[in-house]
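First up is the structure itself, then whatever we jot down about it.
Sequence lines set the chain letters: A, B, ... in the order given, protein chains first and strands last, and positions in each chain run from 1.
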4 protein chains.
Amino acid sequence: MELRIETTSRLPIYRQIVAQIQEGVARGLLEPGEKLPSVRELSRSLVVNPNTIAKAYTELEREGTLNTRPGLGVFVAAPHVEIIREARERRLRDKADRFLTEAVRLGFSHEEMLRMLEERAGQFQWTKGQNTSGRKKDPE
Amino acid sequence: MELRIETTSRLPIYRQIVAQIQEGVARGLLEPGEKLPSVRELSRSLVVNPNTIAKAYTELEREGTLNTRPGLGVFVAAPHVEIIREARERRLRDKADRFLTEAVRLGFSHEEMLRMLEERAGQFQWTKGQNTSGRKKDPE
Amino acid sequence: MELRIETTSRLPIYRQIVAQIQEGVARGLLEPGEKLPSVRELSRSLVVNPNTIAKAYTELEREGTLNTRPGLGVFVAAPHVEIIREARERRLRDKADRFLTEAVRLGFSHEEMLRMLEERAGQFQWTKGQNTSGRKKDPE
Amino acid sequence: MELRIETTSRLPIYRQIVAQIQEGVARGLLEPGEKLPSVRELSRSLVVNPNTIAKAYTELEREGTLNTRPGLGVFVAAPHVEIIREARERRLRDKADRFLTEAVRLGFSHEEMLRMLEERAGQFQWTKGQNTSGRKKDPE
DNA sequence: GTGGTCTAGACCACC
DNA sequence: GTGGTCTAGACCACG
């Protein structure tokens, strides 16, 4: 997976990295156990200070997306959800409202919004259970 | 429409105000031409520095959500979408991806995510037709 | 509440600060809404780099113990528990085992250990409900 | 007794080994005089660098939990408590405070905390009398 | 080699 | 004034 930094963005560099790795994991582009580039390596390839990379990795470790093993490197963690039901729903609701606000503001119709969402949703890695359209993975 | 400030949020106050007014417009709670409270009024009722309110209004004016008519007050602008088709789609796609990432991270299934989204979508004010390139702007 | 740093400790400075503030909150020495010293202030009084203080505050904010409001300062957050029941129990069990191991290693008897624990427990701020000995607060 | 390494833990591997052996002794799963696996054996069975095992054993020997007899192997040492009364109490007090802080932070009530502690305490190997200043060391 | 901590100092956003 | 971000560079712990 390739990371890309927009130095012009209002989003801080370390948050851009956090967001991209979160998305990579959610899409299944990064699989549990997979090794990420080392702090120094990524620092060199993105032309960013090592501390900035470390900050992103630390953040992702604290929230459980990554495991870091000093001396070995940084790895994608096994998925797990620890927060309680209500908090989970509240958070999704807020995110949904924010997304819908943007869709309306951009002038999309209800149907257009849904079409886009469904199209993108197919690329993500949903938890087991009642997926309706699920993601097909190439057999190998 | 009532604005509510979450002082504990990491989102700056002026951005909270911007977001809530954007959402109010998207939901139809604020209609084009409607008058908003003055900077001083809102500053008093929210117990927030007037500069902060002014900053929010300036931001909303800059992006076309509000119109300030000197001496008269601040009004909700007529809806208009100016950005080009490509940029519009790209933005919605990015927002969709971010929303989907969060849904996956929170452990929801594809179905659960859709159910939540549809439920909330019903509360928003969608444009009717499926415009592909954005609507006409009011002649001025 | 007074913070004290042991520069000789194997525990990093920022973690010492985190631990002491967590303990202060758990004891009720720091109450929700209370303002903490600013990053620069604390940095001066502890003779520690501001970045180190900021790191401690960031950590405490991320885990929900503090709220930081840029431009205003850092405040003690309202208490809340979001993690699910099983994870909570597992964590307490691990901490209990670690504590008991230390007590045995130090050569205390079961009764001595209990006596110490009860004595200290009286100084903490337990959640509502079935407290047996509860903490009395001076009327004021 | 079986050792288990948690590669995802932020606790360094050698410290995990130290902690587990300490706990094993405190629980009575490892008895004085018992022989432990050699560095090389343990290194193979845990799939861990021999240096890491050696570091853990060295640490445990330094603090008196283990004895290395060159050419024979590594053995669990006879229990002994050497540190002075004051330091002993201070250490237990600190550990108790840390444990109580965690219990409060996790939202447990005083009663729940006690119940958990008592349940786990039953599995440990307590010294009988209430020695105030530490036990006699085996003559050698 | 890996990541973690700490310092020093600059610049920006927020209120 | 407040906290947040980023850089640069040093030193340590881990495997």
Next item on the list: Report the nucleotide, chosen from F:dT7, F:dG3, E:dG3, that has the shortest atom-to-atom distance to any side-chain atom of A:P70.
Entry: E:dG3
Margin query: Please pick, from E:dG3, E:dC15, F:dC6, the nucleotide with the shortest atom-to-atom distance to any side-chain atom of A:P12.
Written below: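 Output: F:dC6.
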[X] has an atom [atom1]; how far is it from atom [atom2] of [N], in whole Å?
X: A:Y57; N: E:dT2; atom1: OH; atom2: C1'; result: 12 Å
X: A:N51; N: E:dC11; atom1: CG; atom2: C1'; result: 16 Å
X: A:E59; N: E:dG4; atom1: CD; atom2: P; result: 13 Å
X: C:I17; N: E:dT5; atom1: CD1; atom2: C1'; result: 12 Å
X: C:L11; N: E:dT5; atom1: CG; atom2: C1'; result: 12 Å
X: A:N49; N: F:dG9; atom1: CG; atom2: P; result: 9 Å
X: A:R62; N: E:dG3; atom1: CZ; atom2: P; result: 17 Å
X: C:N67; N: F:dG3; atom1: CG; atom2: C1'; result: 13 Å

Between [X] and [N], does any side-chain N or O lie under 4.0 Å from OP1 or OP2?
X: A:K55; N: F:dT5; result: yes
X: D:T52; N: F:dC14; result: no
X: C:S38; N: F:dT2; result: yes

Notebook entry, point to check: Backbone N or O of B:V48 within a donor-acceptor pair of the B:T52 side chain at under 3.5 Å?
Noted result: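 Such a contact is absent between B:T52 side chain and B:V48 backbone.
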Note to self: Could you check whether any side-chain N or O of A:R88 sits under 3.5 Å from a backbone N or O of A:I83, counting only pairs where one atom can act as donor and the other as acceptor?
What the structure shows: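 No; zero donor-acceptor contacts below 3.5 Å.
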Note to self: Taking the side chain as everything from C-beta on, heavy atoms only, tell me whether A:R69 gets closer than 4.5 Å to D:R10.
What the structure shows: no
Checklist line | Contact nearer the 5' end of DNA chain E, comparing C:P50 with B:Y14 | finding: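 Between the two, 5'-proximity favours C:P50.
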Notebook entry, point to check: Between C:V48 and B:R15, which has a closest nucleotide on DNA chain E that is more 5'?
Noted result: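 The 5'-side residue here is C:V48.
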Margin query: Tell me the closest heavy-atom pair linking A:A78 and A:P32, and the distance in Å.
Written below: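 Heavy-atom minimum between the residues: CA-CB, 4.2 Å.
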Next item on the list: Identify whether NZ of Lys or CZ of Arg in B:K55 sits under 6.0 Å from the centre of the six-membered ring of B:Y14 and within 45° of that ring's axis.
Entry: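 Verdict for B:Y14: a cation-pi partner in B:K55.
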Check: Taking atom types as they are modelled, is there a donor-acceptor pair under 3.5 Å from the base of F:dG3 to the side chain of C:R40?
Finding: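 Pair found.
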Next item on the list: For A:R69 and for C:A54, find the nucleotide of DNA chain F with the closest heavy atom, then tell me which residue's nucleotide is more 5'.
Entry: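 Final value for this comparison: C:A54.
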Margin query: With nearest nucleotide decided by heavy atoms, which residue, C:V74 or A:V47, maps closer to the 5′ end of DNA chain F?
Written below: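 Result of the comparison: C:V74.
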Next item on the list: Could you let me know what E:dA13 is paired to, Watson-Crick or G-U wobble, both distances under 3.5 Å, or none if it's on its own?
Entry: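 The base-pairing partner of E:dA13, which may sit in any strand shown, is F:dT2.
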